[in-house]
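Take a look at the structure set out below.
The structure presented is a predicted model; accordingly, all values stated were derived computationally and were not measured. Proteins come first, then strands; the chains are lettered A, B, ... in the order of their sequence lines, and each starts at number 1.
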2 protein chains.
Amino acid sequence: MPKKSSSGAPRARIEDIAQRVGVSKGAVSFALNGKPGVSEATRQRVLAVAEELDWGPNSAARALSGAGTSVIGLVIARPAKTLGIEPFFAELTSGIQAALSERGFAVQMQIVENLEAEIEIYRRWWREHRVDGVILVDRRDVDPRIEVINSLGMPAVMVGGPGAPGEIPTAWADDWEAMTSIVDYLAALGHRRIAHVGGVPEFLHSKRRTEALDAARQRLGLDELLSVVTDFSDQQGASATRRLLAAAQRPTAIIFDNDVMALAGLSVAMEMNISVPAELSVVSFDDSLLTSLTHPAITALSRDTFDFGHRVARLLFESLQEPMPAGAARNLQLPTPVLQVRASTGAVPR
Amino acid sequence: MPKKSSSGAPRARIEDIAQRVGVSKGAVSFALNGKPGVSEATRQRVLAVAEELDWGPNSAARALSGAGTSVIGLVIARPAKTLGIEPFFAELTSGIQAALSERGFAVQMQIVENLEAEIEIYRRWWREHRVDGVILVDRRDVDPRIEVINSLGMPAVMVGGPGAPGEIPTAWADDWEAMTSIVDYLAALGHRRIAHVGGVPEFLHSKRRTEALDAARQRLGLDELLSVVTDFSDQQGASATRRLLAAAQRPTAIIFDNDVMALAGLSVAMEMNISVPAELSVVSFDDSLLTSLTHPAITALSRDTFDFGHRVARLLFESLQEPMPAGAARNLQLPTPVLQVRASTGAVPR
DNA sequence: CTGAAAGCGCTTACAG
DNA sequence: CTGAAAGCGCTTACAG
């Protein structure tokens, strides 16, 4: 319970404007909100005085009289250490914010350690009327959040697909096609031993990628290699790479599920004196500044993550305005990421 | 104005609890908030029913009756592109959140392009009672935010020092000493031509570092070299490095003001076939996963940024509880970052 | 076109 | 120990 701050002018209320202008509070409210019921002359006076007093609506009062909070929640359940380094979320958040602030919404954000904590936060935020809706990221293959969100009746958008989870609108890019485009490219360069350092298999996008890789290998008659499972961290990316490169028949190309692991993998190759791309091609599934910072720069799937965030936020707004009829769900397929070829990939070593 | 969501159970109110238990709303409020005025038996019944109904306080109602919003604001005025990649802010934010969520506070975050936009957000958030206080980062040498915050009377903590700006409590680490420790270390390795790829000179910490470097050079009798000014971005870091390394008398060591630029600088050195650390030592002022991901790993000043955020948040809580008497200001000096020596530094080339 | 009044869900003196 | 009532700052039918 913070006390009133000592200095600073008291913040104006509608009452103050009403007194100065000499009309009722109701009239001021109508004038400020552009509703009919006041003369144009009164409206102008009200607006002028509001400006002069630097008035703004008390968000608590507004929320209490049914207007909603104009706050959107975003919870990310990943270890803070690895999160900090992943440019993806910062860009996504920027895009979300850009769309939200156009409409006077703010983003309330929280980083937590696991899914249980994430779910508990949704419950609390909803119970306490802290947000009007949430954006869910890192969709799971089997995702307990969906049932919770639906039972709460909380407006939400899920990032990750394909397929609509119950009534929750979903925005997704085609990870299958994306992975296929990488494998086709590497196969065209002559690679037949293509390894994959994947992410958390519980994440739907990770699973889709691994499945797509297997399908492509079969279609193209490539060697069967395991996809290594990691937690997306640099450590696990590095140790997976070490294991792969130490094998008798080492791969000629490795696909990493994110930019951080690709970077770590590149370092490991240098450590082991394996030249990239002469002896090993490296591809990252995520693009970011990181991938062009290295030497050689890393070939990566590129997408406009800022725009992605922007679209996701707009999708959420649509649901806020007219909640889904039961059974229906809005879906938004985003552009498939495009391969940005850089110096880390080349023809298979002869 | 979002409509009520279609599905989902209605959220319980104090009224609902009062009806079930058969007491007044006031009694329920006392019971829930642990205040005297209700019998222990009643309190237990109330708590049980609240639990059963999954009740939580409507934050708008609470805020409106004077309890504050339990929301802290954080605005970062840096280009989203470079921000995404800087682990510093994500770790700081995590630390802040850890301290805040212990007390039921949430963080409202916004990334903006410039200082003017940042200031406008503070005004709006305060006008609209959206936050109880804010945490300011990237302190400027001449910082217009200080006057704005003071005139609003908004509780705040400034990250960056030294010295207290007006009445705003300040948390800071000693950048002067930190820079000195780097230069001493490099000088001990025999380096005499030490260059510096600095950040935005308007930022107080950047300015302090540059001054400390000049002082150390003079004290140690090192060669005078300019500190290059950048915007902290990888591009400017890379081009500054190229310029430095192309000079007739190139430096034998370069100090980079953040990890992203150090990474970019390392890539440039590789591009130019300048071996690190044999021909060039590289030091980063920021430590993060990035610096250990490279090959060679980068020597860097290391600090516990998570803990930093935690302390900053606690400092803000203190001000929320008892606002500063005019003139007084709380200050918190944080541990000076410690040099983490890695493979990117070595003896001066002979 | 305008005013007076009730209501949103809490908290908190004030009576009993 | 408990209840009835006022108040926080808005919005919104309801009368005039």
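The side chain of B/Ile14 approaches C/dC10 more closely than any other nucleotide in the set C/dT2, C/dC10, D/dT11. Proximity note for B/Ser39 (side chain, C-beta onward) versus D/dG9, C/dT11, D/dC1: the nearest is D/dC1. Residue B/Val23 places its side chain closer to D/dG3 than to any other of D/dG3, C/dG9, C/dT2.
Of the side-chain N and O atoms in B/Arg13, one or more sit less than 4.0 angstrom from OP1 or OP2 of C/dG9. Regarding contacts with the backbone of D/dT11, a side-chain N or O of A/Asn33 is found under 4.0 angstrom from either OP1 or OP2. Note on A/Ser65: every side-chain N or O is 4.0 Å or more away from OP1 and OP2 of D/dC10. OP1 or OP2 of D/dT11 lies within a sub-4.0 Å distance of a side-chain N or O belonging to A/Arg62. Contact check, A/Thr42 against C/dT2: a side-chain N or O comes under 4.0 Å of OP1 or OP2. The side chain of B/Ser24 contributes no N or O atom lying less than 4.0 Å from OP1 or OP2 of D/dA4.
In this structure, the CZ atom of A/Arg127 is 16 Å from the C1' atom of C/dC10, given to the nearest Å. For the pair B/Gln19 CD and D/dG3 P, the computed distance is 13 Å after rounding to whole Å. If you measure from atom CG of A/Leu32 to atom C1' of D/dT11, you get 12 Å, rounded to the nearest angstrom. With rounding to whole Å, A/Glu40 atom CD is found 13 Å from C/dC1 atom C1'. Rounded to a whole Å, the CG atom of B/Asn58 is 16 Å from the P atom of D/dC10. Separating the CZ atom of B/Arg43 from the P atom of D/dC1 is a distance of 9 Å, rounded to the nearest angstrom. Going from atom CZ of A/Arg11 over to atom C1' of D/dC10 covers 15 Å, rounded to whole Å. Taking atom CZ of A/Phe30 as the reference point, atom P of D/dT11 lies 9 Å away to the nearest angstrom.
Side-chain N or O atoms of B/Asp143 include one that pairs as donor or acceptor with a backbone N or O of B/Arg145 at under 3.5 Å. For the pair B/Ser70 (side chain) and B/Gly68 (backbone), a donor-acceptor distance under 3.5 Å is absent. Of the possible donor and acceptor atoms, none in the side chain of B/Glu118 sits under 3.5 Å from a partner among the backbone N and O of B/Leu136. Remark: the backbone N or O of B/Ser59 is not paired with any side-chain donor or acceptor of A/Arg130 at under 3.5 angstrom.
Residue-level contact check: A/Ser29 touches the bases, meaning some heavy atom is under 4.0 Å from a base atom. Residue contacts for A/Lys35: at a heavy-atom cut-off of 4.0 Å it reaches the sugar-phosphate backbone alone, with no base atom in range.
Counting heavy atoms from C-beta outward, A/His310 and A/Asp304 have side chains that stay 4.5 Å or more apart. Considering only heavy atoms from C-beta on, A/Phe308 comes within 4.5 Å of A/Val159 through its side chain. B/Phe89 places a side-chain heavy atom less than 4.5 Å from the side chain of B/Ile76.
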Writing each nucleotide of DNA chain D 5' to 3' as (, ), [, ], | or . by Watson-Crick or G-U pairing under 3.5 Å yields |||.||||||||.|||

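Where A/Val38 and B/Ala60 meet DNA chain C, the nucleotide closest to each residue was compared, and A/Val38 sits on the side nearer the 5' end. For the pair A/Glu15 and B/Lys25, nearest-nucleotide mapping onto DNA chain D gives the more 5' position to B/Lys25. Where B/Gly26 and B/Ala61 meet DNA chain D, the nucleotide closest to each residue was compared, and B/Gly26 sits on the side nearer the 5' end.
In this structure, the separation between CG on B/Asp307 and CG on B/Leu334 is 8.0 Å, given to the nearest 0.5 Å.
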